[in-house]
Structures are given as C-alpha cells and as structure tokens.
Trainee: 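Handing you a structure now.
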Amino acid sequence: MKIGYDVYESPIGPIYVIADEMGVRKVAMTEDEWIEYVAELGDIQQDHGLCRIAVRQLEEYFKGERREFDVPLSIEGTEFRKRVWKELQGIPYGEVRSYADIAQGIGKPKGSRAVGQANRANPLPILIPCHRVIGKNGDLVGYAGTRTDIKSVLLRLEGAL
C-alpha cells in the first residue's frame, strides 16, 4: 500500500497529513504525534496528490473559505468509533454539541464517556470535527489530549465562541 504525506503550515502550527490510496488516514497536530505515527509506517514519501488536496482544503478552512471537507477519508477504527466519527461529521460548521448529544445521536444515551474516548482517538481532527464537541456545561474539554487552546482557536475561527 502506497502511503504519502504533506505538511500544512497552519496558524496553529504544522499539520501533518498522511494518506493512502483510499484517502486521508491521519492528521497529526503535533510533530511528536507525526514522528510516532511515521515510525510505525516506515518509509513514506511526500505526496503531491491526495495529500496536496487535503492541505489545500485545510488552507481554505483556515482562511474562512471552506466550511466542509470533501477529500476522501481512509478511516480505521472500531465500529463504535466509526459511528461516533460519522456523527461528528454531521455537526455543522460554527455549531457545537456536547458529548451527551453525540451519545444520544448514536443511540447510546449513557455513552458520553465512551464518546469522549472515541473523540480523543479521532485520527482525523479538523476533517472530522471533534473540536465541535464540548462539555455539557459549555466547557472546552479535551482536544488532541490536552490541547484545548487549539480547540478554542478552531471554534473562534468558525464563530462558535
């Protein structure tokens, strides 16, 4: 399987995009996450095809010119996580939902914690907008681990804060 990458120098720092023949499979928000992911893959080459399209769409997003992504995705995860991530993709630009809202949306009303874990495991942040999920009381909780500063920037960009 051919795997490629590209890097977008975003306003929040470098964003690393990794894709296979099916679609984008990983968006790494930190260099450490990028290095760890690439170490598992072995040798990959810079890609000027699908990764370049994803980078262009991210650039348009940060310029306020794009509200939805249409680059193909190559999503790996459990069926539960895939259901959560699909639900996240239904959150409109500029809006937020709580973890409880997502749990309710996938038919698991008591699954807020599991939704939180699926959110944390999202391999495609921004493209699958996990930043649009907030605490029930409106708090900006957890993003890419503890990066609520990034979550705040993204929500402000979208006008949700």
Side-chain angles (χ1 to χ4, degrees), residues 6-19 22-34 37 50-161:
D6 207 343
V7 182
Y8 169 52
E9 295 296 335
S10 81
I12 57 173
I15 297 176
Y16 304 87
V17 177
I18 300 103
M22 301 289 294
V24 178
R25 61 187 286 163
K26 178 72 176 165
V27 172
M29 304 288 283
T30 67
E31 186 174 6
D32 288 344
E33 184 184 6
W34 155 252
Y37 191 79
L50 192 53
C51 289
R52 176 67 11 212
I53 293 168
V55 165
R56 186 177 67 243
Q57 289 189 12
L58 285 166
E59 185 175 31
E60 291 166 356
Y61 169 81
F62 278 98
K63 287 180 178 178
E65 300 168 354
R66 176 172 290 275
R67 292 173 170 243
E68 295 178 7
F69 297 95
D70 58 13
V71 65
L73 304 178
S74 179
I75 303 171
E76 294 181 9
T78 66
E79 287 308 309
F80 177 82
R81 286 180 175 179
K82 288 179 182 180
R83 286 176 48 212
V84 169
W85 299 334
K86 185 168 180 61
E87 188 75 11
L88 298 181
Q89 289 176 295
I91 304 172
Y93 179 95
E95 294 185 21
V96 295
R97 301 288 186 274
S98 71
Y99 293 93
D101 292 335
I102 301 302
Q104 187 72 39
I106 63 167
K108 299 284 186 186
K110 295 182 180 180
S112 294
R113 286 183 191 235
V115 165
Q117 291 303 312
N119 224 33
R120 182 180 173 95
N122 176 10
L124 299 161
I126 303 176
L127 301 181
I128 296 177
C130 54
H131 61 280
R132 296 179 188 152
V133 183
I134 61 174
K136 194 172 187 176
N137 62 1
D139 288 347
L140 299 184
V141 292
Y143 183 73
T146 58
R147 302 293 312 270
T148 54
D149 56 327
I150 293 174
K151 184 178 222 170
S152 176
V153 168
L154 298 174
L155 292 175
R156 286 184 199 289
L157 172 76
E158 294 184 14
L161 289 183

Trainee: Any side-chain heavy atom of L155 sitting closer than 4.5 Å to one from R132?
Mentor: yes
Trainee: Taking all non-hydrogen atoms of both residues, which atom of C51 and which atom of V17 are closest, and how far apart?
Mentor: SG-O, 3.7 Å
Trainee: What is the minimum heavy-atom distance between Y93 and L157, and which atoms define it?
Mentor: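 Heavy-atom minimum between the residues: OH-O, 3.5 Å.
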Trainee: Any donor-acceptor pair under 3.5 Å linking the side-chain atoms of R25 with those of Y37?
Mentor: yes
Trainee: I'd like to know if E59 and R66 make a salt bridge, using a cut-off of under 4.0 Å between side-chain N and carboxylate O.
Mentor: no
Trainee: Hey, could you give me the CG/OG distance between L50 and S74, rounded to the nearest 0.5 Å?
Mentor: 9.5 Å
Trainee: Enumerate donor-acceptor pairs with a distance under 3.5 Å from any side-chain N or O in residues 76-86 to protein atoms, sequence neighbours excluded.
Mentor:
| residue | atom | partner | partner atom | Å |
| --- | --- | --- | --- | --- |
| T78 | OG1 | R81 | N | 3.1 |
| R83 | NH2 | I106 | O | 2.3 |
| W85 | NE1 | A118 | O | 2.9 |

Trainee: I need the minimum non-hydrogen distance between V27 and E33, along with the two atoms involved.
Mentor: O-OE2, 4.0 Å
Trainee: How far apart are the closest heavy atoms of C130 and K151, and which atoms are they?
Mentor: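 Closest approach of C130 to K151: O-CE, 4.2 Å.
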Trainee: Does the side chain of I126 come within less than 4.5 Å of L154's, by heavy atoms?
Mentor: yes
Trainee: Please check this pair: side chain of Q57 against backbone of D70, looking for a donor-acceptor N/O pair closer than 3.5 Å.
Mentor: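 Yes, because the side chain of Q57 sits within donor-acceptor range (under 3.5 Å) of the backbone of D70.
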Trainee: Any non-hydrogen side-chain atom of L124 less than 4.5 Å from a side-chain atom of I75?
Mentor: yes
Trainee: With heavy-atom distances below 4.5 Å as the criterion, would you say the side chains of I15 and V7 are in contact?
Mentor: no
Trainee: Does the pair I102 and V133 meet the rule for a side-chain contact (heavy atoms from CB on, under 4.5 Å), with working shown?
Mentor: CA-CA 8 Å; I102 301 302; V133 183; 4.2 Å; yes
Trainee: Can a donor-acceptor pair be found, under 3.5 Å and without considering hydrogens, that links the side chain of D6 to the backbone of V55?
Mentor: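 Side chain of D6 to backbone of V55, a donor-acceptor pair under 3.5 Å: no, none is there.
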Trainee: Is the shortest side-chain heavy-atom distance between E31 and Y16 below 4.5 Å?
Mentor: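 SC-SC contact between E31 and Y16 confirmed.
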Trainee: At what distance, to the nearest 0.5 angstrom, does CD of Q89 lie from CD1 of I128?
Mentor: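 So the CD of Q89 and the CD1 of I128 are separated by 4.5 Å.
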Trainee: If you count the non-hydrogen atoms of other residues, nucleotides and ligands that lie under 6.0 Å from CD in E95, is the total more than 12?
Mentor: yes
Trainee: Give me the atom names and distance for the closest heavy-atom approach of I12 to M29.
Mentor: CD1-CE, 3.7 Å
Trainee: Looking only at heavy atoms, which two atoms of A160 and G94 are closest? And how far apart?
Mentor: CB-O, 3.5 Å
Trainee: Is it true that R156 and E158 have a side-chain N and a carboxylate O under 4.0 angstrom from each other?
Mentor: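 Salt bridge absent between R156 and E158.
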Trainee: With sequence neighbours left out, write down each residue that passes ring pair (Phe, Tyr, Trp, His ring centres under 6.0 Å) with Y61, or none if nothing qualifies.
Mentor: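 With sequence neighbours excluded, Y61 shows a ring pair (Phe, Tyr, Trp, His ring centres under 6.0 Å) to F69, given in chain and number order.
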Trainee: If we ignore angles and hydrogens, is there a donor and acceptor under 3.5 Å between the side chains of D101 and S98?
Mentor: yes
